[in-house]
Amino acid sequence: MKQVQVLLSSYNGEHYIYAQLQSILKQSYPHISVLVRDDGSSDQTLALLKEYAKVHPDRIKVIAGSNVGVVSSFFELVQQSDPHADYYCFCDQDDVWLEHKIERAVSMLRSQEAHIPAIVFTSTELTDKDLNTLGTWPKPPSKEPSFYNALVQNIAVGATITINRAARNKFVKGCEVDHSKIIMHDWWFYLLVSGFGNVIYDKRPSILYRQHEKNVVGGSNSLFNKLKQKYRSYLKHKGKHLLIMQAREFHRVYGHLMDEKKREQLELFIAPRERLREKIYFLKKSKLYRQSIIEQSLFRFLILLGYI
């Protein structure tokens with residue numbers, strides 16, 4: 001039977017982490033272990049984790065880490081993960097997994113060739129802090145998930161991701177990544193797997209995605225909230241060129257291994273575009289895309305504006 005390791009990063013999650021762990025251990029798929037890295041919590045999270053690990057010593061291992069942030073914490077989890085497991089699930093501390101989450105992901109990944117990196121991600125059942133449903137989020141991709149999408153948009157909700165061993169090894173055995181240049185860990189793995197393997201989207205929700213005041217990244221079906229989030233992001237990141245920075249890091253680490261077509265598009269994207277004619281040239285040659293017409297139009301406008 002294929003072995004699955006759940007990789008969970010925690011930080012000050014004492015209110016919700018018990019429910020998250022319970023939902024993992026109640027999965028219909030039996031062959032599961034859990035590796036938790038606590039990112040320097042100042043509440044009772046670490047104590048709760050250690051107590052839980054005492055009850056389930058054969059299934060739960062806890063790493064007490066310093067506060068390095070969510071990206072570095074998840075990257076360390078992947079580095080420390082069991083090299084003999086077949087599949088690895090990313091896990092947040094405050095959600096609830098639906099009973100067949102792992103079983104369904106494993107069934108999809110088993111259909112893939114084991115030596116080729118593969119990733120499964122799903123939609124979620126959005127809820128409030130008390131798990132009252134708010135609807136399904138996000139909407140299914142209107143276009144195929146691909147590297148050309150991943151360079152400019154992340155559609156993989158981290159807490160729903162399952163990867164195979166080939167994807168894990170591609171990350172672990174590659175050059176060391178500069179974590180400061182990565183927007184989010186789930187985005188990096190969407191880039192990595194779409195660059196070298198197969199991406200599978202499952203429209204069936206796999207988790208209850210709890211929304212509360214301390215979410216690092218949250219979801220919303222409200223148009224007003226989406227616009228507010230985008231405007232805040234624009235103000236916060238203006239001038240930082242985060243997409244280009246992340247893409248340049250990907251090129252540094254993996255560019256020499258990529259096929260010619262993908263590498264050409266990556267290099268076109270990260271090339272300087274100071275003059276208007278250079279921006280127009282990029283828009284004519286680029287195959288990169290976001291999922292909706294509005295998002296794609298905004299992407300093209302931000303290229304001309306020099307924001308990207």
Side-chain angles (χ1 to χ4, degrees), residues 5 7 70-90 105 108-121 141 143-158 161-201 241-273 281-282 285-291 299 308:
Q5 186 170 48
L7 307 177
V70 63
V71 173
S72 295
S73 186
F74 266 105
F75 280 4
E76 184 175 332
L77 276 166
V78 179
Q79 291 284 355
Q80 296 294 326
S81 63
D82 180 1
H84 303 295
D86 298 283
Y87 307 114
Y88 307 84
C89 299
F90 293 173
M108 292 181 172
L109 288 170
R110 289 184 73 172
S111 67
Q112 305 295 307
E113 295 184 59
H115 67 283
I116 297 176
I119 185 172
V120 171
F121 66 94
K143 299 177 182 177
E144 181 182 4
S146 76
F147 183 71
Y148 300 144
N149 177 226
L151 276 173
V152 294
Q153 183 181 27
N154 181 32
I155 60 172
V157 180
I161 284 176
T162 304
I163 60 173
N164 66 359
R165 189 191 300 161
R168 179 255 184 206
N169 289 346
K170 194 75 174 179
F171 175 80
V172 169
K173 296 178 180 179
C175 298
E176 186 174 351
V177 178
D178 184 345
H179 300 182
S180 69
K181 296 180 179 178
I182 311 307
I183 299 173
M184 280 300 285
H185 61 284
D186 49 8
W187 199 331
W188 188 256
F189 274 87
Y190 179 32
L191 268 171
L192 175 60
V193 179
S194 64
F196 295 100
N198 299 317
V199 179
I200 305 165
Y201 169 74
H241 302 283
L242 297 183
L243 291 176
I244 300 296
M245 181 174 66
Q246 179 170 257
R248 285 177 176 159
E249 181 65 2
F250 192 86
H251 182 266
R252 182 187 70 82
V253 177
Y254 296 112
H256 64 291
L257 301 173
M258 302 187 72
D259 68 55
E260 184 177 354
K261 290 182 179 179
K262 288 177 181 175
R263 187 174 62 251
E264 283 179 355
Q265 285 295 306
L266 174 58
E267 291 175 348
L268 178 68
F269 182 51
I270 64 178
R273 290 182 291 274
Y281 176 82
F282 167 78
K285 296 292 184 179
S286 174
K287 296 179 181 179
L288 310 188
Y289 60 87
R290 291 180 173 175
Q291 289 292 324
F299 167 63
I308 297 176

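Below, all heavy atoms of this structure are taken into account, side chains as well, without hydrogens, waters or symmetry copies.
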L268: side chain to side chain contact (heavy atoms under 4.5 Å, CB included) partners, not counting sequence neighbours
Q265, Y281, F282, K285, S286

I'd like to check the side chain to side chain contact (heavy atoms under 4.5 Å, CB included) partners of A150; sequence neighbours left out, ordered by chain and number.
Y190, L191, S194

Pair I244, R273 - check side-chain contact (heavy atoms from CB on, under 4.5 Å), show working.
CA-CA 11 Å; I244 300 296; R273 290 182 291 274; 3.5 Å; yes

If you look at every heavy atom in R290 and L243, which pair is closest and at what distance?
NH2-CD1, 3.6 Å

d(I119 CD1, Y201 OH) to nearest 0.5 Å is 13.5 Å

Could you walk me through whether W188 and V71 pass the side-chain contact (heavy atoms from CB on, under 4.5 Å) check?
CA-CA 9 Å; W188 188 256; V71 173; over 6 Å; no

With S72 via side chain to side chain contact (heavy atoms under 4.5 Å, CB included) - residues at least two apart:
V68, H179

Distance check, rounded to the nearest 0.5 Å: I200 atom CD1 versus L109 atom CG?
5.0 Å

Is the distance from the ring center of F147 to that of F250 below 6.0 Å?
yes

Kindly compute the distance separating CZ (F196) from CG (D259), expressed to the nearest 0.5 Å.
8.5 Å

Work out which heavy atom in L192 is nearest to a heavy atom in A167; give both atom names and the distance.
CD2-O, 4.0 Å

T162 and A105 have their tightest heavy-atom pair at OG1-CB, 3.6 Å

Between D186 and F74, is a side-chain contact (heavy atoms from CB on, under 4.5 Å) present by the stated rule, with each step listed?
CA-CA 9 Å; D186 49 8; F74 266 105; over 6 Å; no

Flag, side chain of R165 to backbone of A114, donor-acceptor distance under 3.5 Å:
no

Which distance, rounded to the nearest 0.5 Å, do you find between the CD1 of I270 and the NE2 of H251?
4.5 Å

R168 side-chain N/O to S81 backbone N/O, donor-acceptor pair under 3.5 Å
yes

Among all residues two or more places apart in sequence or in another chain, which pass the side chain to side chain contact (heavy atoms under 4.5 Å, CB included) test with R252?
E249

Kindly list each side-chain donor-acceptor pair under 3.5 angstrom involving residues 169-176, sequence neighbours excluded, with atom names and distances?
none

Heavy-atom closest pair (N164 atom, E113 atom, distance to 0.1 Å) is ND2-O, 4.2 Å

Please tell me if the side chains of L151 and L266 come closer than 4.5 Å, counting only heavy atoms from C-beta onward.
yes

Mind checking what makes side chain to side chain donor-acceptor pair (under 3.5 Å) contact with Q291, not counting sequence neighbours?
N149

Is there a ring pair (Phe, Tyr, Trp, His ring centres under 6.0 Å) between F189 and F90? Walk through the geometry before answering.
CA-CA 11 Å; F189 274 87; F90 293 173; 5.2 Å; yes

First locate atom CG of L7, then atom CD of Q79, and finally report the distance between them rounded to the nearest 0.5 Å.
11.5 Å

Can you confirm whether the side chains of Q112 and N198 place a donor and an acceptor under 3.5 Å from each other?
yes

Measure the shortest side-chain to side-chain distance between V78 and Y88 over non-hydrogen atoms and say whether it is less than 4.5 angstrom.
no

Do side-chain atoms of R263 reach the backbone of M258 as a donor and acceptor pair under 3.5 angstrom?
yes

OH on Y148 to CG on L288, rounded to 0.5 Å:
8.5 Å

Closest non-hydrogen contact found for D178 with S180 is OD1-OG, 2.6 Å

Under 4.5 Å between any side-chain heavy atoms of I182 and V177, yes or no?
yes

Minimum side-chain heavy-atom gap I308-H241 below 4.5 Å
no

